[in-house]
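The chain is numbered in sequence order, starting from 1.
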Amino acid sequence: MSTPLVSISYVSAAAESFDDARLAELLDQSRRSNHEHDLTGMLLYRRGRFFQVLEGPQDAVDELMTKIRRDPRHTDVRMLLSEEIDERRFSEWTMGYEPIGVPSTLAPEGFRDTFDDLESDDDDDAIRAVRELTVWFRARTAAEV
């Protein structure tokens with residue numbers, strides 16, 4: 001019998017700012033580790049905040065989340081969504097990453113340039129924001145392939 005797959009989404013604050021070189025190092029490390037532990041997912045970083053979706057076997061996801069909570073690079077780790085899944089949404093990514101730049105002009109109405117809505121006290125709003133960001137990421141990266 002195969003182990004059920006789970007997907008978790010969380011946000012955290014970076015203990016220190018990440019420049020492109022530190023992000024590249026983090027991604028390299030994450031991709032190697034995720035490959036070894038049968039994990040897939042995506043990562044967004046914006047203004048000192050991380051948003052990540054991890055998916056894989058329950059034990060591997062739980063183990064990684066324990067490490068992330070203890071990792072001095074992260075503070076204020078907040079679980080947003082945890083669910084069993086039938087199939088992976090990021091099967092092609094050991095850790096997909098999309099940089100989110102700071103807009104130089106006024107953003108159009110409805111544009112999300114922070115992760116504030118992910119951290120809403122209203123769980124329904126946070127879950128909606130998680131789902132919107134994962135759809136955005138998949139659509140954006142699919143268009144680039």
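Separating the CZ atom in Phe50 from the CG atom in Asp76 is a distance of 13.0 Å, to the nearest 0.5 Å. Rounding to the nearest 0.5 angstrom, the gap separating the OH atom in Tyr45 from the OG atom in Ser17 is 4.0 Å. Here the straight-line distance linking atom OG of Ser82 with atom CD of Gln58 works out to 6.0 Å at 0.5 Å rounding. In this structure, the separation between CD on Glu25 and CG on Asp20 is 13.0 Å, given to the nearest 0.5 Å.
For the pair Leu64/Leu54, a side-chain contact is recorded, criterion being any heavy-atom separation below 4.5 Å from C-beta on. Counting heavy atoms from C-beta on, the side chains of Ser7 and Val53 come closer than 4.5 Å. Phe18 places a side-chain heavy atom less than 4.5 Å from the side chain of Leu26. Leu80 is listed as a side-chain neighbour of Val11, based on a closest heavy-atom distance under 4.5 Å. The closest side-chain heavy-atom distance from Leu81 to Ile8 is not below 4.5 Å. Looking at heavy atoms from C-beta onward, Gln52 lies in side-chain contact with Ile68 at the 4.5 angstrom threshold.
The two residues Ala15 and Pro72 come nearest to each other via the heavy atoms CB-O, 3.1 Å. Scanning both residues, Ala60 and Leu39, for their nearest heavy atoms gives CB-CD2, 3.9 Å. Heavy atoms only, all atoms of each residue included: Ser12 and Val77 are closest at CB-CG2, 3.8 Å.
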Walk me through it: do Met79 and Arg69 pass the test side-chain contact (heavy atoms from CB on, under 4.5 Å)?
CA-CA 10 Å; Met79 183 73 64; Arg69 289 181 193 282; 3.7 Å; yes
Begin from the C-alpha positions of Val61 and Glu63 and carry the test side-chain contact (heavy atoms from CB on, under 4.5 Å) through to its verdict.
CA-CA 5 Å; Val61 171; Glu63 184 178 320; over 6 Å; no
Arg49 vs Leu44, test: side-chain contact (heavy atoms from CB on, under 4.5 Å). Steps then yes/no.
CA-CA 8 Å; Arg49 302 291 296 169; Leu44 301 174; over 6 Å; no
Step-by-step side-chain contact (heavy atoms from CB on, under 4.5 Å) determination, Leu43 to Leu27
CA-CA 9 Å; Leu43 176 69; Leu27 288 165; 3.8 Å; yes
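Applying the side chain to side chain contact (heavy atoms under 4.5 Å, CB included) criterion to Asp59, with sequence neighbours excluded, gives no partner residue. The salt bridge (charged side-chain N to carboxylate O under 4.0 Å, His left out) test applied to Asp62 returns no partner, not counting sequence neighbours.
Salt-bridge formation is not detected for the pair Arg32/Glu36: no Lys NZ or Arg NE/NH1/NH2 atom is positioned less than 4.0 Å from an Asp or Glu carboxylate oxygen.
The main-chain N or O of Arg31 is never found under 3.5 Å from a side-chain atom of His35 such that the two would form a donor-acceptor pair. Under a 3.5 Å cut-off, the side chain of Glu55 and the backbone N or O of Arg89 do form a donor-acceptor pair.
The ring of Phe51 has its center no closer than 6.0 angstrom to the ring center of Tyr10.
In this structure, Arg88 forms no cation-pi arrangement with Phe90, as its terminal cationic atom is not both closer than 6.0 Å to the ring centre and no more than 45° off the ring axis.
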